[in-house]
Amino acid sequence: MFPDARPNCIEAVKQFHAKSPGTPHYTVSLLAVPTALAQLGPAATNMIVSQVVPFPYRAGTSPLVRNFQAAMKASNEKVFSHTRLEGYIDAKVLVHGLRGAGSPPSRERFIATLESSIDLGGYVVNFKNGNRNGSGYTDLVHVDSEGHFVK
């Protein structure tokens, strides 16, 4: 297992911010979790984060995000996040594969199902031709002075 890189990333961002406050800085989604943002405090301001899922805070972003928010609200959850949306996508893909695996399920049908394009509402996942990334989607979000993600 790989060690958690988050503490090193947090320290690097804090040092960068101390030397050049106000300068935008870029990072990967590793720091896009509430605990990391809280640890960064003001150093998160102007941080630009790459994300592999759509913006989860605005329902108009895509049908996927609308469905995600509706499912969260139906389960009495009101806190949306990129991480939760990514988990939602993972679950949708798994269920899609299991449904396609048939009854009784087979490994071959499960794999064949996942090796087709899966449109989750404007967010396409596919594992064709040995691609194991699933999606090439990338987005950038900005952290404002209050520690919130904005588009």
- So M47 and L37, side-chain contact (heavy atoms from CB on, under 4.5 Å) or not? Walk me through it. CA-CA 10 Å; M47 188 167 67; L37 290 176; 3.7 Å; yes
- Where do T27 and H25 land on the side-chain contact (heavy atoms from CB on, under 4.5 Å) test, with the steps shown first? CA-CA 7 Å; T27 187; H25 45 286; 6.0 Å; no
- For V93 and L120, what are the C-alpha separation, side-chain angles and deciding distance, and is it a side-chain contact (heavy atoms from CB on, under 4.5 Å)? CA-CA 8 Å; V93 169; L120 299 174; 4.0 Å; yes
- Decide side-chain contact (heavy atoms from CB on, under 4.5 Å) for Q39 and R6; before the verdict, give the C-alpha distance in whole Å, the side-chain angles of both, and the deciding distance to 0.1 Å. CA-CA 10 Å; Q39 290 174 14; R6 210 168 283 137; 5.9 Å; no
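Using a distance-only test at 3.5 Å, with no hydrogens or angles considered, no donor-acceptor pair links the side chain of S20 to the main chain of H17. Panel note: side chain D119, backbone G121; a donor-acceptor pair is recorded below 3.5 Å. Between the side chain of R109 and the main chain of P104, a donor-acceptor pair closer than 3.5 Å is present. Under a 3.5 Å cut-off, the side chain of E115 and the backbone N or O of N129 do not form any donor-acceptor pair.
For the atom pair CG (N126) and OG (S116), the distance works out to 8.0 Å, reported to the nearest 0.5 Å. Atom NZ in K92 sits 8.0 Å away from atom CG in L64 (nearest 0.5 Å). Taking CG of L114 as the reference point, atom CG of L94 lies at 8.0 Å (rounded to 0.5 Å). Atom-to-atom distance recorded for T45:OG1 and H142:NE2 is 8.0 Å, nearest 0.5 angstrom. Here the OG-CG distance, from S29 to D139, works out to 11.5 Å after rounding to the nearest 0.5 Å. Distance check, rounded to the nearest 0.5 Å: CG of N46 to OG1 of T23 gives 8.0 Å.
The two residues V65 and A59 have their closest heavy-atom pair at CG1-CA, 4.0 Å.
Between Y137 and Y123, the ring planes lie tilted relative to each other; the angle falls in the 30° to 60° range.
Between K151 and V141, some side-chain heavy-atom pair lies under the 4.5 Å cut-off. A 4.5 Å side-chain heavy-atom check between N133 and N131 finds at least one atom pair inside the cut-off. With a 4.5 Å cut-off on side-chain heavy atoms, V52 and S135 do not count as touching. Side chains of F127 and T113 form no contact here, defined as non-hydrogen atoms less than 4.5 Å apart. Q69 has its side chain out of reach of Y88: every pair of non-hydrogen atoms, C-beta onward, lies at least 4.5 Å apart.
Aromatic rings of F149 and H82 (six-membered ring for Trp) have centroids within the 6.0 Å cut-off, being under it.
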